[in-house]
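Below is one structure, written out as structure tokens, with a few remarks after it.
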Amino acid sequence: MSKLEKNVGSIQKTIDQACQSVGRNTKDVAMLAVTKSVSSEVAAPLLELGVNKFAENRVDSLLEKQLYFQENKIEWHLIGTLQRRKVKKVINSIDYFHALDSLKLAEEIQKHATQTIKCFVQVNVSNEESKHGLIIEDTIKFIKSIEKYDKIKIVGLMTMAPKDATEVEIKYYFDELALKCNEIRELELDHAPCTELSMGMSNDYELAIKSGSTYVRIGTAFFKDYI
Ligand SMILES: *Cc1c(COP(=O)(O)O)cnc(C)c1O
């Protein structure tokens with residue numbers, strides 16, 4: 001068994017256990033492989049292991065990997081900041097965008113999208129200076145202002161917990177985001193069903209799942225033996 005196969009098994013097991021502990025169905029949690037720190041060659045065996053949702057945080061590396069994997073059926077997620085000048089280049093090539101956080105960016109997506117783009121609104125729940133994302137109090141107002149852009153569908157909210165946060169703090173941030181997501185879902189906005197939560201990385205995906213995450217973004221835990 002390769003190290004990669006072992007890691008996939010262990011992540012899957014952690015996801016299963018986290019789901020079980022809170023009475024959730026494993027099928028409701030999508031496991032994204034964040035391939036940003038490895039080459040396409042290193043990521044390739046994931047497909048035979050049944051992992052076919054890939055995430056990249058940079059436009060150029062995403063496009064590069066797409067070229068390499070053009071014969072494969074992969075769901076592509078752009079999880080990092082998207083500069084406005086790069087929208088045109090990538091927006092119609094991805095299945096999900098996880099970092100919508102400004103009206104200007106929404107406007108640019110609207111301009112270049114040839115189909116509906118599934119977006120997560122990125123929220124900076126911990127109010128970290130260095131982080132992108134809206135402050136949580138602005139989320140609803142922002143989402144309402146997106147309504148005029150008919151190419152954008154807000155499928156959910158996304159956040160990143162600060163690196164140095166304690167478990168208690170991380171759980172608090174994840175729960176806050178989940179509550180906000182519910183609040184938006186209850187508004188029943190056509191353009192913002194907000195049924196999904198993109199939260200949890202290698203160090204905190206177990207906590208994220210317990211707080212209701214439906215998309216975990218995992219890099220290091222898959223590839224630690226190859227980075
Ligand atoms: C790199 C990255 C991840 C994955 O982080 P790991 O700690 O390696 O699992 C998840 N989300 C975003 C936005 C990232 O940039």
Side-chain angles (χ1 to χ4, degrees), residues 3-4 6-15 18 29-40 42-43 46 49 51-65 74-83 86 90-91 94-102 105 117-134 136 154-167 169-171 173-174 177-178 181 196-227:
K3 286 193 166 136
L4 191 61
K6 236 184 237 164
N7 295 345
V8 169
S10 133
I11 294 167
Q12 193 64 68
K13 195 171 152 197
T14 306
I15 292 177
V29 179
M31 178 176 73
L32 310 185
V34 180
T35 53
K36 68 186 181 196
S37 339
V38 294
S39 64
S40 298
V42 168
L46 281 177
L49 299 169
V51 182
N52 59 2
K53 298 184 172 86
F54 286 9
E56 282 282 330
N57 66 334
R58 291 181 49 241
V59 170
D60 296 311
S61 6
L62 184 142
L63 294 173
E64 218 179 280
K65 285 205 171 64
I74 293 174
E75 187 177 283
W76 291 99
H77 294 254
L78 181 62
I79 57 176
T81 315
L82 174 57
Q83 289 168 292
K86 292 200 172 168
V90 77
I91 203 67
I94 55 176
D95 297 291
Y96 289 85
F97 173 50
H98 290 243
L100 182 62
D101 66 354
S102 83
L105 182 57
I117 310 297
K118 293 191 277 264
C119 297
F120 288 87
V121 170
Q122 184 172 355
V123 183
N124 182 357
V125 186
S126 57
N127 275 330
E128 265 188 300
E129 289 259 349
S130 57
K131 282 244 165 64
H132 292 273
L134 299 163
I136 198 154
I154 308 294
V155 296
L157 303 181
M158 178 274 211
T159 201
M160 288 168 88
K163 271 207 179 70
D164 54 359
T166 63
E167 258 191 39
E169 288 166 341
I170 295 173
K171 181 177 172 346
Y173 297 138
F174 288 163
L177 194 73
C181 201
E196 311 301 325
L197 276 169
S198 168
M199 53 190 200
M201 312 186 358
S202 293
N203 287 329
D204 54 22
Y205 66 95
E206 204 178 332
L207 281 173
I209 290 168
K210 290 178 182 169
S211 295
S213 177
T214 60
Y215 286 83
V216 289
R217 312 178 308 268
I218 302 175
T220 315
F222 279 113
F223 302 116
K224 54 182 186 237
D225 308 295
Y226 303 86
I227 295 170

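First listed ligand is number 1; within each ligand, the first listed atom is number 1. Numbers for residues simply follow the sequence, beginning at 1. Because the structure is a prediction, the values reported are computed rather than measured.
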Query raised in the report: By side-chain contact (heavy atoms from CB on, under 4.5 Å), which residues pair with E169, not counting sequence neighbours?
Result: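 E169 satisfies side-chain contact (heavy atoms from CB on, under 4.5 Å) with A165, T166, Y173 only.
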Query raised in the report: Does S202 have any side-chain contact (heavy atoms from CB on, under 4.5 Å) partners at least two apart in sequence or in another chain, and if so, which?
Result: I218, T220, A221
Query raised in the report: Any side-chain donor-acceptor pair under 3.5 Å between T214 and E196?
Result: yes
Requested in this report: Check for a donor-acceptor pair, side chain of T159 on one end and backbone N or O of V123 on the other, with a separation under 3.5 Å.
Outcome: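 Yes; at least one donor-acceptor contact below 3.5 Å.
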Query raised in the report: Can you name the residues that form a salt bridge (charged side-chain N to carboxylate O under 4.0 Å, His left out) with D60, not counting sequence neighbours?
Result: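 Result, salt bridge (charged side-chain N to carboxylate O under 4.0 Å, His left out) vs D60: K86, K89.
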Under 3.5 Å: N or O atoms of ligand 1 paired with protein N or O:
{"unit_1": "ligand 1", "atom_1": "8 (O)", "unit_2": "T220", "atom_2": "N", "d": "2.8"}
{"unit_1": "ligand 1", "atom_1": "8 (O)", "unit_2": "T220", "atom_2": "OG1", "d": "2.5"}
{"unit_1": "ligand 1", "atom_1": "9 (O)", "unit_2": "S202", "atom_2": "N", "d": "3.0"}
{"unit_1": "ligand 1", "atom_1": "9 (O)", "unit_2": "S202", "atom_2": "OG", "d": "2.5"}
{"unit_1": "ligand 1", "atom_1": "9 (O)", "unit_2": "G219", "atom_2": "N", "d": "2.8"}
{"unit_1": "ligand 1", "atom_1": "11 (N)", "unit_2": "R217", "atom_2": "NE", "d": "2.9"}
{"unit_1": "ligand 1", "atom_1": "15 (O)", "unit_2": "K36", "atom_2": "NZ", "d": "2.8"}

Query - Closest contact, heavy atoms only, E206 versus T14 - result: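 Minimum heavy-atom separation between E206 and T14: OE1-CG2, 3.7 Å.
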